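Model, not experiment: these values are computed from the prediction. Every heavy atom of this structure was used, including side-chain atoms; hydrogens, water molecules and symmetry mates were not.
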Amino acid sequence: MIVIHELGHFIVAKLLGIAVETFSVGFGPRLVGFRIGETDYRLSAIPLGGYVKFRGENLELLQGKSEGSVDEFLSHPKWKRFLVAVAGPAFNIATAILIPTVAILIGFQESIHRSQPITIGKVLPDSAAERAGLQPGDRILTFNHKQNPVWEDFVLEVRLRPNEEIPLTIERNGQMIDLTVRPQTETVRNEQVGRVGIEPYLGSIRIGKVSAGSPAALAGLQTDDRITGINGEPLTTWSQFTQALEDNAGQELTLQIQRDQQVLELKVRPSADKQYERELGLGLIPNMTTLVKTSSLATALRFGWDYNWRILRSTGVVFKQIFSGRRSAGSALAGPIGIARTTAETYRDAGWAGIIELMGILSLNLGIFNLLPIPVLDGGMILMIFIEALLGLLGLTLTMTMRERFQQLGFIVIMLLMGFVIVNDIVKWGSSSTKDPPPAQQPNR
């Protein structure tokens with residue numbers, strides 16, 4: 001993602017006639033590379049990002065080494081330098097929007113609840129939801145003033161707002177009721193997160209696979225059958241289904257099945273055999289996903305924008321909590337080690353599709369972070385350009401000494417931040433003992 005960021009600077013600089021001396025993937029000593037024109041394209045020893053070096057940029061001018069060439073960075077007008085500075089973040093943000101846009105055009109599988117309206121299937125005893133007065137069958141129409149939220153919005157808001165009062169409006173038997181819920185605080189991987197204690201309404205479970213010779217196969221269950229009830233009770237939640245199987249291991253159960261236009265009742269005996277431990281004791285794998293796809297480019301772009309706006313809003317909530325003292329910076333920020341751990345966990349849980357999704361999130365964060373007005377970052381360069389323009393209106397100039405001090409301040413800030421996140425990653429890695437339960441055991445939010 002950093003290479004894409006630097007590619008943005010590189011392409012715009014080349015288009016505007018600014019000389020690029022180095023395009024490096026990685027930092028430190030040059031390992032291999034080649035030269036085309038004035039640019040050295042290189043692979044460097046430290047594989048953490050990369051950089052682009054313009055001719056006559058910053059310290060070269062400060063050290064008196066400028067040749068006064070028209071293609072030097074600071075010899076170009078402010079509008080060109082602004083476009084070069086903003087190009088890196090722009091490439092990252094565009095990449096972040098492009099990833100979900102392309103994904104929905106190709107089509108991908110996602111949780112059946114992720115983009116569904118919020119209908120409650122179960123309220124856990126002694127939970128925040130029960131204290132707020134929520135009941136099974138309620139549909140949440142507004143949540144924290146957001147109209148018609150989906151489960152993904154709900155999960156993010158609840159997770160990020162432990163112990164905060166959140167207003168919501170529900171529909172219950174045709175009536176609109178205003179309530180307030182305060183998510184309980186739980187610690188997951190050393191992070192304080194919120195839980196309200198509700199499970200989504202299911203209605204049915206579609207069978208994705210039936211193992212040959214298993215209890216499910218012997219009972220006559222088939223792929224794409226929908227389980228709509230168990231022992232005569234309508235199926236409402238995932239935990240209702242799994243609990244019934246666990247409580248009746250070795251005993252006969254009656255499943256209500258919808259197969260095409262038929263409604264069937266099949267008797268099955270869950271097995272305690274470890275052979276079927278990962279298949280609910282039945283020898284079947286449920287399909288809890290749905291295909292999300294569109295052929296409309298406008299719809300896909302809207303999806304990509306909405307997806308990233310949701311992440312951006314969540315990031316804003318976290319930083320607001322950090323500055324207000326409600327959340328520690330250590331629990332919210334991560335550096336290279338934290339990113340590596342998250343990448344490994346994402347690949348384990350979601351494969352390459354999850355990695356690509358994570359790349360989009362990192363790209364968005366990288367783009368926004370680099371727009372902050374911190375010297376050394378692109379936002380700092382943009383700030384200097386505006387300061388230079390304002391001073392120009394007053395007949396003043398931004399001296400090289402001022403530029404140098406500005407860069408030194410930014411370098412110190414970035415080094416302190418880098419040191420903090422690396423030490424923080426090591427501390428969290430060493431003390432991490434709490435793991436999220438697997439999805440099948442984590443139905444409540």
Side-chain touch K293/L105, heavy atoms, less than 4.5 angstrom
no

Under a 3.5 Å threshold, yes or no: a donor from one side chain and an acceptor from the other, between T236 and Q240?
yes

Determine whether F10 and Y41 satisfy the following criterion, ring-ring contact (aromatic ring centres under 6.0 Å, His included), listing intermediate values before the conclusion.
CA-CA 11 Å; F10 172 81; Y41 300 87; 5.8 Å; yes

Is there side-chain contact between F154 and V196, with heavy atoms separated by less than 4.5 Å?
yes

Side-chain contact test, heavy atoms from C-beta onward, threshold under 4.5 Å: evaluate it for L284 versus E279 and give yes or no.
no

What are the two closest non-hydrogen atoms of P183 and I166, and how far apart are they?
CG-CD1, 3.8 Å

Between A87 and V12, which heavy-atom pair has the shortest distance, and what is it?
CB-CG2, 3.4 Å

For L253 and A244, which heavy atoms make the closest approach, and how far apart are they?
CD1-O, 4.1 Å

Measuring only between side-chain heavy atoms, which start at C-beta, is H9 closer than 4.5 Å to K14?
no

Parallel, tilted or perpendicular for F54 and F73, by the 30°/60° rule?
parallel

Out of curiosity, Q184 CD to L124 CG, how far, rounded to the nearest 0.5 Å?
9.0 Å

Are there over 12 heavy-atom neighbours, none belonging to M418, within less than 6.0 Å of that residue's CE?
no

Would you say that L141 contacts I170 through its side chain, given a criterion of any heavy-atom pair below 4.5 Å between the two side chains?
no

Spacing of CE belonging to M415 relative to CD1 belonging to I412, to within rounding of 0.5 Å
10.5 Å

H5 side chain to N92 backbone, donor-acceptor under 3.5 Å:
no

Students often mix this up, so state it plainly: with edges at 30° and 60°, are the rings of W238 and F241 parallel, tilted or perpendicular?
tilted

I need the R81 CZ to I382 CD1 distance, nearest 0.5 Å.
12.0 Å

Looking at F386, I want to see if its CZ is surrounded by more than 12 non-hydrogen atoms of other residues, nucleotides or ligands under 6.0 Å.
no

Donor-acceptor under 3.5 Å (S363 side chain, M359 main chain):
no

Does a sphere of radius 6.0 Å around CZ in R131 hold more than 12 heavy atoms from other residues, nucleotides or ligands, not counting ones at 6.0 Å or beyond?
yes

Verify the distance criterion only: is there a donor paired with an acceptor across the side chains of Y307 and E357 at less than 3.5 Å?
yes

What closest approach, in Å, do V421 and A334 show between heavy atoms, and which atom pair accounts for it?
CB-C, 4.1 Å

Would you mind checking if D225 and R206 are paired as a salt bridge, meaning a charged N to carboxylate O distance below 4.0 Å?
no

Do the non-hydrogen side-chain atoms of E164 and Q321 ever get within less than 4.5 Å of each other?
yes

Distance flag, aromatic centroids of F82 and W79, threshold under 6.0 Å
no

Do T185 and N163 have a side chain donor and acceptor closer than 3.5 Å?
no

State which residue, out of I311, T95, I97, I99, fulfils the side chain to side chain contact (heavy atoms under 4.5 Å, CB included) condition with L364.
I311

Using atom types as modelled and distance alone, determine if a side-chain donor or acceptor of Q256 lies under 3.5 Å from a backbone N or O of I230.
yes

For T180 and E165, test the side chains for any donor-to-acceptor distance below 3.5 angstrom and give the result as yes or no.
no

Taking all heavy atoms of P149 and all of F143, pick out the closest pair and write down the distance.
CG-CB, 3.8 Å

Can a donor-acceptor pair be found, under 3.5 Å and without considering hydrogens, that links the side chain of T22 to the backbone of S24?
no

Pair T228-Q258, side-chain hydrogen bond (donor to acceptor under 3.5 Å, both in side chains): steps then yes or no:
CA-CA 7 Å; T228 59; Q258 182 176 341; 5.8 Å; no

Give a yes or no on whether a salt bridge exists between K53 and D40, defined as a side-chain N under 4.0 angstrom from a carboxylate O.
no

What's the verdict on side-chain contact (heavy atoms from CB on, under 4.5 Å) for I11 and E6, showing C-alpha distance, side-chain angles and the deciding distance?
CA-CA 9 Å; I11 290 175; E6 297 301 330; over 6 Å; no

Report the C-alpha distance between I112 and L202 in whole Å, list the side-chain angles of each, state the deciding distance to 0.1 Å, and finish with yes or no for side-chain contact (heavy atoms from CB on, under 4.5 Å).
CA-CA 9 Å; I112 57 176; L202 271 182; 3.8 Å; yes

Without swapping roles, check the side chain of R195 against the backbone of R159 for a donor-acceptor pair under 3.5 Å.
no

Quick check: does any side chain N or O of S211 sit under 3.5 Å from a backbone N or O of S214, one acting as donor and the other as acceptor?
no

Note: P89 and N370 closest approach over all heavy atoms is CG-CB, 4.1 Å

Is the closest basic N to carboxylate O distance between R310 and D306 below 4.0 Å?
no

Find out whether E199 and S239 are in side-chain contact, i.e. whether some heavy atom of one side chain is under 4.5 Å from a heavy atom of the other.
yes

In chain order, what residues pass the side-chain hydrogen bond (donor to acceptor under 3.5 Å, both in side chains) check against D260, with sequence neighbours excluded?
none

Go through the steps for V25 and F23 under the test side-chain contact (heavy atoms from CB on, under 4.5 Å), then give the verdict.
CA-CA 7 Å; V25 177; F23 184 97; 4.2 Å; yes

Quick one: does any side-chain atom of N308 pair with a main-chain N or O of A96 as donor and acceptor, under 3.5 Å?
yes

Counting C-beta onward and ignoring hydrogens, is there a side-chain heavy-atom pair between L168 and N144 closer than 4.5 Å?
no

Verify, without hydrogens or angle tests, whether K80 (side chain) and L16 (backbone) share a donor-acceptor contact under 3.5 angstrom.
yes

Steps toward side-chain contact (heavy atoms from CB on, under 4.5 Å) verdict (D138, Y201):
CA-CA 10 Å; D138 289 348; Y201 176 80; over 6 Å; no

With a 3.5 Å distance limit and no angle check, can you tell me whether Q135 reaches the backbone of E130 through a side-chain donor-acceptor pair?
no

If the condition is ring pair (Phe, Tyr, Trp, His ring centres under 6.0 Å), which residues does F411 pass it with, not counting sequence neighbours?
none

With no hydrogens and no angle check, is any side-chain donor or acceptor of T142 less than 3.5 Å from a backbone partner on T169?
yes

Between the CD1 atom in I104 and the CG atom in L291, the distance rounded to the nearest 0.5 Å is 9.5 Å

Can you tell me if D247 has over 12 outside heavy atoms packed within less than 6.0 Å of its CG?
yes

